[in-house]
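Here the structure comes first, spelled out in structure tokens, and everything after it is commentary.
Every heavy atom of this structure was used, including side-chain atoms; hydrogens, water molecules and symmetry mates were not. Residue numbering restarts at 1 for every chain, and letters A, B, ... go by the order of the sequence lines.
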Amino acid sequence: MSQRKTRVRFAPSPTGTLHIGGVRTALYNYLFAHKNNGDFIIRIEDTDQQRFVEGAENYIMEALNWLGINPTESPVHGGPFGPYRQSERKEIYQKYAQQLVDSGNAYYAFDTAAELEEMRKRLVEAKSSNQQYNAATRMEMRNSLTLNVEEVNQLLEAHKPYVIRIKLPENENVHFTDIIRGDISVNTANMDDKVLFKSDGMPTYHLANVVDDYLMEISHVIRGEEWLPSAPLHVLLYRYLGWEDKMPQFSHLPLILKPDGNGKLSKRDGDRLGFPVVPLDWTDPATGNITNGYREHGYLPKAVLNFLALLGWNDGTEKEVFSLEEMIASFSLERINKSGAKFDFEKAKWFNHHYLQLMSNDELAAELLPKFIANGYSTTEEYILKIVGLLKERSNFTDDILKQSTFFFDPPAAYDDAILSKKWKPQFMEVFKGWKDTFTEMCDFTPSQIEVNSKMYLENREVGIGSVMQPFRILITGVSNGPSVFEICSILGQSEVIARMETGLNHIAKLEKV
RNA sequence: GGCCCGUUCGUCUAGGGGUUAGGACACCAGAUUUUCAUUCUGGUAACAGGGGUUCGAUUCCCCUACGGGCUACCA
């Protein structure tokens, strides 16, 4: 076999957001390309003008960029095999469609939508095992095989709408080897004379895909399992076009399934389960509906990449945490699973927690500062740095830090009265007032000093520290749990702690009266 | 319906003719944390069913069941 350069492509349609299965396909393509010192190409498959969505292409490019899996060639990066948008390659396909007609491997079909529907209905009623447009039925339809040459020419000259269909053999086994699944074989009797060229002058996926993969010298096609049934068709196309020796090797990836129940994971599952299934926030231009993305949800690109890579692939060891470089080093198509994987939100969360802990406090603080400011807190990176140090390990997402930190900026707007009244004893009022006064006298307001100071005071008053800590926490933060309360006090500072104790005690005084 | 693909703990998976069927997430318990979370330690938990082949099958073959995909002038 000749040494071909490894060239792979990710070929999304710009019909909306990129969903997580697509992201994984892109990732596997990227990994395989880099593993083999090859090229990773993005090709935009926008042959369906009806489904084209404005902004979708940008979204795809931005998502891949966010994840750090950038292509070597693409519509925006350019490259020697462009253009990389199929709509801009329109003329190319026509030539090959014509070539197939001329060689007798394709034909014109003039059937209307109604005629096609009628045919299928008739076959259903006749209890035919399948309702395909192929050797079994094509001679009953209006096409260049049933019409005579003059009729065909007349229709063509009159600009009657037509499509070009592939002419499949009647009964032939087509087989090919899939790197992931092994030998696949399908008989043409069960296949369709698929439309290759549409009446609007655009090719269908099947033609465009094969032509472009050939012209772009693609060596491996790595795509979703939904393409497995049409792979034999593509094999035939390579054969009829005379490119069989340049045919790429196929790898059909297992699908990503819904976490609950059955079926392929969809965008709607994300909304339904309150969990992102797309990389970035996406606003549907038609409806204005927003789909939440990983990035905005506080996911780290490294975490998304890692858990996605493991959804259907592993390196055969017990290693689960991979950097992108490590994934490249150990990636192989042969180790991709055959069966679909249910998406596991919990594991994704765990990965994110893991990668969040790996980030330095400085890094996190720098990233979070704008968010804090956007939330209306006037603060400094220095202050955020302290908060991050305290909150990081209890957070799964960067935003968790934001959410847990309100009491670092504002005194409690409300207190957890249920727990407060359960833990509070009338005699605490005097104890707390005295405790507060000890803070006034402190000159070193560090966590350890506050702790030592408090323990000493409470011991002198013969009050069990355990009975008093929970109310103290609520007075300071309003809530009954969180990080070390002494740490919190130290960050808040002496005067703020004293002030909060005062307002807190006033609140309790009011509670007691009721 | 037809065609194609698949099936190991709840989930993601390792393994592969003889194993105490391994790991991770989740879950449960204990320890640490005067709270909660984190962390640490331990634990529960799986070869879809039936036939073969074989001295021996979870592993190989067949059937069934179940799951998934495709079945458009969508990709």
Which residue lies more 5' along RNA chain B, comparing A/Q132 with A/V186 via nearest heavy atoms: A/V186
First of A/R181 and A/V195 reached from the 5' end of RNA chain B, by closest nucleotide: A/R181
Residues forming a side chain to side chain contact (heavy atoms under 4.5 Å, CB included) with A/A97, sequence neighbours excluded: A/I164, A/F197, A/L207
Partners meeting side-chain hydrogen bond (donor to acceptor under 3.5 Å, both in side chains) with A/R268 (sequence neighbours left out): none
Residues forming a side-chain hydrogen bond (donor to acceptor under 3.5 Å, both in side chains) with A/N173, sequence neighbours excluded: A/N187
Within residues 14-28 of chain A, residues whose heavy atoms come under 4.0 Å of RNA chain B: none
Near-strand residues of residues 119-129 of chain A, defined as heavy-atom separation under 4.0 angstrom from RNA chain B: A/R120, A/S129
Rounded off to whole Å, could you give me the [atom1]-to-[atom2] distance for the [X] and [N] pair?
X: A/I184; N: B/rG69; atom1: CD1; atom2: P; answer: 17 Å
X: A/R51; N: B/rA75; atom1: CZ; atom2: C1'; answer: 5 Å
X: A/Q86; N: B/rC74; atom1: CD; atom2: C1'; answer: 13 Å

Please table the atom pairs, donor to acceptor, closer than 3.5 Å between any side-chain atom in residues 478-485 of chain A and protein atoms at least two apart or in another chain.
{"residue": "A/S484", "atom": "OG", "partner": "A/F486", "partner atom": "N", "Å": "3.3"}
{"residue": "A/S484", "atom": "OG", "partner": "A/E487", "partner atom": "N", "Å": "3.3"}

Sequence-distant partners of A/F397, ring-ring contact (aromatic ring centres under 6.0 Å, His included), two or more places apart: A/H297, A/Y299
Protein and nucleotides 36-40 of chain B: nitrogen or oxygen contacts under 3.5 angstrom:
{"residue": "B/rC36", "atom": "O2", "partner": "A/R394", "partner atom": "NH2", "Å": "2.0"}
{"residue": "B/rC36", "atom": "N3", "partner": "A/R394", "partner atom": "NH1", "Å": "3.1"}
{"residue": "B/rC36", "atom": "N3", "partner": "A/R394", "partner atom": "NH2", "Å": "3.0"}
{"residue": "B/rC36", "atom": "N3", "partner": "A/G482", "partner atom": "O", "Å": "3.3"}
{"residue": "B/rA37", "atom": "N1", "partner": "A/E393", "partner atom": "OE2", "Å": "3.4"}
{"residue": "B/rA37", "atom": "N3", "partner": "A/R394", "partner atom": "NH1", "Å": "3.2"}

Donor on one side chain, acceptor on other, A/N352 and A/Y294, under 3.5 Å: no
Salt bridge (charged side-chain N to carboxylate O under 4.0 Å, His left out): pairs with one or both residues in residues 450-465 of chain A, sequence neighbours excluded: A/E451-A/K455
Options B/rU11, B/rG22, B/rC74, nucleotide nearest the side-chain atoms of A/T204: B/rC74
Proximity to the side chain of A/N190 - top-ranked nucleotide from B/rA75, B/rC3, B/rC73: B/rC3
Heavy-atom closest pair, residues A/A231 and A/H252: CB-CE1, 3.7 Å
Touch class at under 4.0 angstrom, heavy-atom based, for A/N306 against every strand present: nothing
Touch class at under 4.0 angstrom, heavy-atom based, for A/S230 against every strand present: nothing
Atom pairs and distances, donor-acceptor, side-chain atoms in residues 17-25 of chain A, under 3.5 Å, two or more places apart:
{"residue": "A/T17", "atom": "OG1", "partner": "A/Y59", "partner atom": "OH", "Å": "3.1"}
{"residue": "A/H19", "atom": "ND1", "partner": "A/G21", "partner atom": "N", "Å": "3.0"}
{"residue": "A/H19", "atom": "NE2", "partner": "A/L265", "partner atom": "O", "Å": "2.9"}
{"residue": "A/R24", "atom": "NH1", "partner": "A/L311", "partner atom": "O", "Å": "2.6"}
{"residue": "A/R24", "atom": "NH2", "partner": "A/P254", "partner atom": "O", "Å": "2.3"}
{"residue": "A/T25", "atom": "OG1", "partner": "A/G21", "partner atom": "O", "Å": "3.0"}

Cation-aromatic face contact A/K319/A/F322, 6.0 Å, 45 degrees: yes
Protein-to-nucleotide contact annotation, 5' to 3' order, nucleotides 62-67 of chain B [B base; S sugar-phosphate only; - none; under 4.0 Å, heavy atom]: -----S
Pairs under 3.5 angstrom, nitrogen or oxygen only, protein versus nucleotides 28-33 of chain B, please.
none

Below 4.0 Å: OP1/OP2 of B/rA14 and any side-chain N or O of A/N337: yes
